[in-house]
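In the text below, chain A, chain B and the rest are named by the order of the sequence lines, each starting its count at 1.
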Amino acid sequence: MPELPEVETVRTGLTPWVVGRRLHTVEVRHPRAIRRHVPGATHFADVLAGRTITDVRRRGKYLWLPLDSGDAIIGHLGMSGQLLIQPGEAPDETHLRVRFGFDDDGPELRFIDQRTFGGLSVSSGGAELPSEIAHIARDPLDPLFDDREFAARLRRRRTEIKRALLDQSLISGVGNIYADEALWRAKLHGARPTDALTGPAVARLLGHVRDVLSAAIKEGGTSFDALYVNVNGESGYFDRALNVYGQEGLPCARCGTAVRRESFMNRSSFSCPRCQPRPR
DNA sequence: CTCTCCTCCTGATCGC
DNA sequence: TGCGATCAGGAGGAGA
């Protein structure tokens, strides 16, 4: 499940393989992989031919690849999207959606996506920051992330802290796994109302969010199954360091109490009943 | 404007 | 063995 550490691992992995290379043929194998690209899949392929990729950038869980034309390829991995560097002769993956061939006949870039929640598009003039993702907030590892502004906006909200952490327009890059892990580290239950959090509590939580994201990047992200891998097809190792996510019934590493699972927005939240008491 | 919730999708797994 | 139900969940957009 790609969140910031997984997308960042893909970004850094991709950079040396694609920057400076000129696209030759782009083949769209599944039209649904081209998302919110109004002119359609054929236009997507045509407009990219002959363009050179100049960088690989990220905002939250979105990637974009600026082009020498001033446009950019936007990509989101969704639940199961992968960007792989593969030799052109490698057999087609089962869920191969798009393949990018280059002028130099070197390894190609492939977009593979089982559940098709991910997708690609071209942003016209979006090399600096595509307008399509301008509503996504900076992530907490971004040097320009504004802690004070975040705290102020958070306390203005009338919602719960976990919902706020998952709101990409408030803070980006955090998904279900790292939200649960950061809340456990901060000893906060996800249902805590945001407007009652003190300034120091928000600062502590932000510190834990940063710590868990940074630690996960060091491990190459979290892989539960073959759905998330880096650009060379390798798994990340942060699943070994998870304290609550997916650990229902196992003892809390701090106090030994069995980790609980609760339903939340049609999915699951994991927490320690003792360290993270539910607000009354 | 703000907030909540539904929907998109496929494959693994489980119970009958 | 087979088949239906359930779960996984990011993000946009509908609806309140």
Could you tell me the separation between the CZ atom of A:R267 and the P atom of C:dT6, rounded to a whole number of Å? 17 Å
Taking salt bridge (Lys or Arg N to Asp or Glu O under 4.0 Å) as the cut-off, I'd like each qualifying pair that reaches into residues 201-215 of chain A, sequence neighbours left out, listed once. A:D147-A:R210
Where does the angle between the aromatic ring planes of A:F44 and A:F100 fall among parallel (under 30°), tilted (30 to 60°) and perpendicular (over 60°)? perpendicular
Result for 5'-nearest mapping on DNA chain C, choosing between A:I136 and A:R261, is A:R261
Under 4.0 angstrom between A:H76 side-chain N/O and C:dA11 OP1 or OP2: yes
Of A:R97 and A:D167, the one whose nearest nucleotide on DNA chain B sits closer to the 5' end is A:D167
Where at least one partner belongs to residues 62-78 of chain A, residue pairs that pass salt bridge (Lys or Arg N to Asp or Glu O under 4.0 Å), sequence neighbours excluded: A:R51-A:D68
Is it true that a side-chain atom of A:T257 and a backbone atom of A:C252 form a donor plus acceptor pair closer than 3.5 Å? no
Can a donor-acceptor pair be found, under 3.5 Å and without considering hydrogens, that links the side chain of A:E108 to the backbone of A:G106? no
Under 3.5 Å, is there a donor-acceptor pair between the A:Y228 and A:E3 side chains? no
Separation of C:dA8 P from A:L166 CG (nearest whole Å): 14 Å
Determine the sole option in A:I177, A:T222, A:I217 for which the side-chain contact (heavy atoms from CB on, under 4.5 Å) test with A:P5 is passed. A:I217
The helix from B:dT2-C:dA16 to B:dC16-C:dG2: angle between end helix axes, five pairs per end, rounded to 10 degrees: 60°
Applying side chain to side chain donor-acceptor pair (under 3.5 Å), can you list everything that pairs with A:R260, at least two apart in sequence or on another chain? A:S271
Distance, rounded to the nearest Å, where A:L170 contributes CG and C:dA11 contributes P: 14 Å
Mind jotting down which residue pairs meet the side chain to side chain donor-acceptor pair (under 3.5 Å) criterion with at least one end in residues 83-98 of chain A? Sequence neighbours excluded, please. A:R29-A:D92, A:Q86-A:E93, A:D92-A:R99, A:E93-A:R110
At 4.0 Å (heavy atoms only), tell me whether A:H30 reaches a base, stays on the sugar-phosphate, or touches nothing. nothing
Specify the separation, in whole Å, of atom CD of A:E6 and atom P of C:dG10. 10 Å
Across the strands shown, which category fits A:Y62 at heavy-atom distances under 4.0 angstrom: base, sugar-phosphate, nothing? sugar-phosphate
Residue pairs meeting side chain to side chain donor-acceptor pair (under 3.5 Å), one or both in residues 182-202 of chain A, sequence neighbours left out, come to A:H189-A:E262
If the plane angle is over 60° it's perpendicular, under 30° parallel, otherwise tilted; pick one for A:F145 and A:F150. tilted
Polar atom pairs between nucleotides 14-16 of chain C and protein, under 3.5 Å, N or O only, would you list them?
none

Under 4.0 Å from a heavy atom of chain A: give me the 5'-most and 3'-most nucleotides of DNA chain B that qualify. B:dC3 to B:dG11
Among side-chain atoms of A:S172 and A:D139, is any donor-acceptor pair under 3.5 angstrom? no
Let me know, please, whether A:I177 or A:H135 comes out on the 5' side of the other along DNA chain C by nearest nucleotide. A:I177
What is the nucleic acid contact for A:S80, judged by heavy atoms within less than 4.0 Å: base, sugar-phosphate only, or nothing? nothing
A:D104: partners by side chain to side chain donor-acceptor pair (under 3.5 Å), with sequence neighbours left out: A:R21
Output the rounded distance in Å from CE (A:M265) to C1' (C:dC7). 16 Å
Members of residues 112-132 of chain A that approach DNA chain C, where some heavy atom sits under 4.0 Å away: A:R115, A:F117
What's the CD1-P distance between A:I133 and C:dG12, to the nearest Å? 10 Å
Near DNA chain B, which residues from residues 149-162 of chain A have a heavy atom under 4.0 Å away? A:R157, A:R158, A:T159
With sequence neighbours left out, the residues meeting side chain to side chain donor-acceptor pair (under 3.5 Å) with A:E248 are A:R261
Do A:K61 side-chain atoms and A:V174 backbone N/O form a donor-acceptor pair below 3.5 Å? yes
Which whole-number value in Å describes the distance from A:D180 CG to C:dA8 P? 11 Å
side-chain hydrogen bond (donor to acceptor under 3.5 Å, both in side chains) with A:N176: which of A:R267, A:E181, A:K162? A:K162
Under 3.5 Å, is there a donor-acceptor pair between the side chain of A:R163 and the main chain of A:L165? no
